[in-house]
Amino acid sequence: MLLSKYLAPTLRDTPADAEVISHQLLLRAGYIRRVSSGIYDLLPLGLKVLRNIETIVREELDQTGAQELLMPMVQPAELWQESQRWQKYGKELLRFKDRHNHEACLGPTHEEVVCDLVRRDLRSYRQLPLTVYQIQSKFRDEVRPRFGLMRGREFTMKDAYSFHADEDCLSNEYQNMFDAYTRIFSRLGLSFRAVEADTGSIGGDKSHEFHVLAQSGEDLIMHCSGCDYAANQEKAVSKKEISSTSNSQLPQDVSTPASKAVGDVAALLDYAESQIIKSMAYHVQGGEYDGQCVLACVRGDDQIQEIKLMRALGADEIQLADEAQVQSMGSVSGYIGPVGINAPVWMDQQLSTAQGMICGANQADTHRQHINVERDITEANFADLRNVQEGESCVHCGGEIESSRGIEVGHIFTLGDVYSQAMQVGFLNKQGRRAITTMGCYGIGISRLVAAVVEQCHDDDGICWPKQIAPFHVSLITLGQSETVRTASKEVYDQLQEAGISVLWDERKERPGVKFCDAELMGFPVQIIVGDRGLKEGHVEFKARRDEEKTSVTLSNIITHTQQHLAL
RNA sequence: CGGAGUAUAGCGCAGCCUGGUAGCGCAUCUGCUUUGGGAGCAGAGGGUCAGAGGUUCGAAUCCUCUUACUCCGACCA
């Protein structure tokens, strides 16, 4: 391919609206262009990378015995109504009507469609297990698309779905997928980590996320320095040592004018922050407490983890209560406490045996001290509601918990029968009885991976693609316009292609500096430079993208030298 | 959806406060020179100043509304 004819427009300046490095470099190096918020053109270079990633994903999934198929992007509302998700999914589901006034949506995920497909033909346990997958465009009308390919509204995803006769079989496949994912991300040359995760709106119970470690990651993951334990912050647990105080005094109000924040109260009354019960009122939607307010409590030096709270409550959505809602609970904002409040109380389990605590007294400028949770808050429910913090101890090995930022590029779930029950994906089991399949689902954000790789593989000059997914193996750079260099370049160009090495030939009438800079920016693993200077001695120059130095190689050796470097 | 901001040539920006000829750098085109890490000189093209309304003799500039985009929060591959 000749660069002069190739649609790979590079930019000298960084576009102002690109925040993260992958977005900037992909725009500057001519891989992507923005069409609309969260919606991108993949230019030829970008598409090549995407396809190369797909190939690796495909190879590894085919290895597991999963079968590739392709489901539609446009999906009828009926299927989503059947699974109840037409109501539950919210605004991320882009809905519209066709010319017959039938409601439909753009698929953000394909559980409904795949269940509908499988249930039509599934008769017997003998047909199970079955795993299918597809690589396809998804559309999620994200509230806030950002960071280019990292969080688009339209994006390419590999999604796989497995169907099983029993839980053991599902566990098996889950592990298969876990292993396949590990191979995939390793082959992509990524530094990544699998972490325990919350299952979110997809539902089900067991779940791991695969995170590419990067400063720009949107997720916080907690992991142990001493063992394999790693979890998304939404899910992470830890041991926290708290020096227990015993208290025999009875609860007593204490005046705390203008002291709402935990720190103020602690300072005023000379308490440790961990002696304070931090109380937050939430308005709940969905589940047992639908439409009500509940009170959530953690120690003053902890943070409430709202995802954990939502799961404990079985809620679909929670929001901090507003002033009026706080009043309806019989309290005053800033002085909320679990004693005598007119609302269900949920406390972090660390508080279950706490003594000598202080909390809001539900009246202005007043707190209540000498609280023993067991004695004084008898109606409370307990659950893990707190955010794990760095430096706490691992529940498995006692090691220290550390945190990293990560880009979620894969997520695997055991779904159980959440969808198969709703969609009635049934079969006859060994006993001849009708049973419902148990399911797993497994996603990889392919287009997000393009960005994630760039986040991990770049330097000040541009992208440094791993050779497995680089759009071309070689940038062939011709310096000058002389007949000699052209002829020599053409020869190298032809021979590379014959050897199965893909090459983008920069034969433009540009100055050397421009060509070098563009080559670094685009980031192919190898640069071969043909100039009059070297040709006089019968050689060209070879430069690996990651190396500073160029080496001289004779014209006759350049192909094998390149082959060896790429290990093709 | 809440909060904050931006919108002027392909990209990066100035001009706006204090209303009066639409500008700079890079990119593009032509010519000459140059040619091993984003060249120099000379010339040229390119704009409904996001859109609509208003104020005014006169609006990129002041006012109102609309739209798009970005950033910060809650959701996700």
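Predicted model, so just to flag it, every value in this text is computed and none were measured. A note on names: the letters A, B, ... follow the listed sequences, proteins ahead of strands, and every chain is numbered from 1.
- In this structure, A:D506 atom CG and B:rG38 atom C1' are separated by 13 Å, rounded to whole Å.
- A distance of about 14 Å separates the P atoms of B:rA59 and B:rA52, rounded to the whole Å.
- If you take NZ of A:K543 and C1' of B:rG37, they are 11 Å apart, rounded to a whole angstrom.
- By the 5.5 angstrom centroid cut-off and the 30-degree plane limit, A:F155 is classified as stacked against the base of B:rA77.
- For the C1' atom pair drawn from B:rG19 and B:rU33, the interatomic distance equals 46 Å after rounding to whole Å.
- Nucleotides B:rG47 and B:rC13 place their C1' atoms 15 Å apart, quoted to the nearest Å.
- The partner of B:rU34 cannot be assigned: no Watson-Crick or G-U wobble pair with both contacts below 3.5 Å exists in any strand.
- Base-pair partner of B:rG53: B:rC63 (Watson-Crick or G-U wobble, both distances under 3.5 Å).
- Contacts between residues 445-454 of chain A and RNA chain B, defined by a heavy-atom separation under 4.0 Å, are made by A:G445, A:R448.
- Here the C1' atom of nucleotide B:rC75 and the CZ atom of A:R311 are 15 Å apart, to the nearest Å.
- With both ends at atom P, the span from B:rA14 to B:rC62 equals 15 Å, rounded to whole Å.
- The interatomic distance linking A:E549 (CD) with B:rG36 (C1') rounds to 14 Å, in whole Å.
- Here OH of A:Y31 is found 12.5 Å from CG of A:L27. Values are rounded to the nearest 0.5 Å.
- For the C1' atom pair drawn from B:rU61 and B:rC41, the interatomic distance equals 36 Å after rounding to whole Å.
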Do nucleotides 23-34 of chain B as a string where each nucleotide becomes B, S or -: B if the base has a protein heavy atom under 4.0 Å, S if just the sugar-phosphate does, - if no protein is that close. --BSS------B

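- A cation-pi arrangement is absent between A:K543 and A:F524, since the terminal nitrogen or guanidinium carbon is not both under 6.0 Å from the aromatic centre and inside a 45° cone about the axis.
- Ion pairing between a basic and an acidic side chain is recognised when a charged N comes within 4.0 Å of a carboxylate O; A:R85 and A:E112 show such pairing.
- In this structure, A:R95 fails the cation-pi test against A:W80, since its NZ or CZ atom is not both closer than 6.0 Å to the six-membered ring centre and inside 45 degrees of the ring normal.
- Taking atom C1' on both B:rC63 and B:rG45, the two are 37 Å apart, rounded to the nearest angstrom.
- Side-chain proximity of A:V514 to B:rU35, B:rG38, B:rC75: nearest is B:rG38.
- Residue-level contact check: A:I307 touches the backbone only, with heavy atoms under 4.0 Å from sugar-phosphate atoms and none from bases.
- Within 4.0 Å of A:E92, counting heavy atoms only, lies at least one base atom of the nucleic acid.
- On the C1' atoms, B:rA9 is 11 Å away from B:rG23, given to the nearest whole Å.
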Give me, pair by pair, the N or O atoms of the protein and of nucleotides 68-70 of chain B that are less than 3.5 Å apart, along with how far apart they are.
{"unit_1": "B:rC69", "atom_1": "OP1", "unit_2": "A:S36", "atom_2": "OG", "d": "3.3"}
{"unit_1": "B:rC69", "atom_1": "OP1", "unit_2": "A:S37", "atom_2": "N", "d": "3.0"}
{"unit_1": "B:rU70", "atom_1": "OP2", "unit_2": "A:S37", "atom_2": "OG", "d": "3.0"}

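- A search for salt bridge (charged side-chain N to carboxylate O under 4.0 Å, His left out) contacts involving A:D348 returns nothing, not counting sequence neighbours.
- Between the CE atom of A:M150 and the P atom of B:rC71 there is a distance of 11 Å, rounded to whole Å.
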Which atom pairs, one a donor and one an acceptor, fall under 3.5 Å between side chains of residues 12-23 of chain A and the rest of the protein, sequence neighbours left out?
{"unit_1": "A:S22", "atom_1": "OG", "unit_2": "A:E455", "atom_2": "OE2", "d": "2.8"}
{"unit_1": "A:H23", "atom_1": "ND1", "unit_2": "A:G148", "atom_2": "N", "d": "3.4"}
{"unit_1": "A:H23", "atom_1": "NE2", "unit_2": "A:Y40", "atom_2": "OH", "d": "3.3"}

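- The salt bridge (charged side-chain N to carboxylate O under 4.0 Å, His left out) check on A:D302 picks up A:K240, A:R386, with sequence neighbours excluded.
- Qualifying salt bridge (charged side-chain N to carboxylate O under 4.0 Å, His left out) partners for A:K48, counting only residues two or more places apart in sequence or in other chains: none.
- The gap from the C1' atom of B:rA77 to that of B:rG2 amounts to 26 Å, rounded to the nearest Å.
- Residue side chain A:R28 reaches the base of B:rG38 through a donor-acceptor N/O pair under 3.5 Å, judged by distance alone.
- For A:Y181, the side-chain hydrogen bond (donor to acceptor under 3.5 Å, both in side chains) criterion is met by A:K158, not counting sequence neighbours.
- Taking atom CG on A:L479 and atom P on B:rG38, their separation rounds to 13 Å, with Å as the unit.
- Remark: A:E218 engages A:R146, A:R151 in a salt bridge (charged side-chain N to carboxylate O under 4.0 Å, His left out) (not counting sequence neighbours).
- Base orientation of B:rU56: anti, the glycosidic angle falling outside 90° of 0.
- Among the atoms of the strands shown, none is found under 4.0 Å from any heavy atom of A:Q319.
- A:G531 comes within contact range of at least one nucleobase, with a heavy-atom separation under 4.0 Å.
- Shown here are the side-chain hydrogen bond (donor to acceptor under 3.5 Å, both in side chains) partners of A:D290, two or more places apart in sequence or in another chain: there are none.
- Between the CD1 atom of A:I407 and the P atom of B:rA77 there is a distance of 15 Å, rounded to whole Å.
- A straight line from CZ of A:F147 to C1' of B:rC76 spans 14 Å, rounded to a whole angstrom.
- Each of A:E541 and A:E408 was matched to the nucleotide of RNA chain B holding its nearest heavy atom; the match closer to the 5' end belongs to A:E541.
- Pairing of B:rG5, defined by two Watson-Crick or G-U wobble distances under 3.5 Å, is identified with B:rC69.
- The side-chain hydrogen bond (donor to acceptor under 3.5 Å, both in side chains) search around A:H473 returns A:S502, not counting sequence neighbours.
- As judged by a 4.0 angstrom heavy-atom cut-off over every strand, A:D219 is placed among the base-contacting residues.
- Across all strands shown, A:E520 has heavy atoms under 4.0 Å from base atoms, whether or not it also approaches the sugar-phosphate.
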Could you list the donor-acceptor pairs under 3.5 angstrom formed by side chains in residues 526-535 of chain A, with sequence neighbours left out?
{"unit_1": "A:Q527", "atom_1": "NE2", "unit_2": "A:E520", "atom_2": "OE1", "d": "3.3"}
{"unit_1": "A:D532", "atom_1": "OD1", "unit_2": "A:S482", "atom_2": "OG", "d": "3.0"}
{"unit_1": "A:D532", "atom_1": "OD2", "unit_2": "A:S482", "atom_2": "OG", "d": "3.4"}

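- Nucleotide B:rU28 forms a Watson-Crick or G-U wobble pair with B:rA44, both donor-acceptor distances falling under 3.5 Å.
- Between A:Y6 and A:F472 there is a side-chain heavy-atom pair separated by less than 4.5 Å.
- Position along RNA chain B of the nearest nucleotide to A:I318 versus A:H23 favours A:H23 as the more 5'-ward residue.
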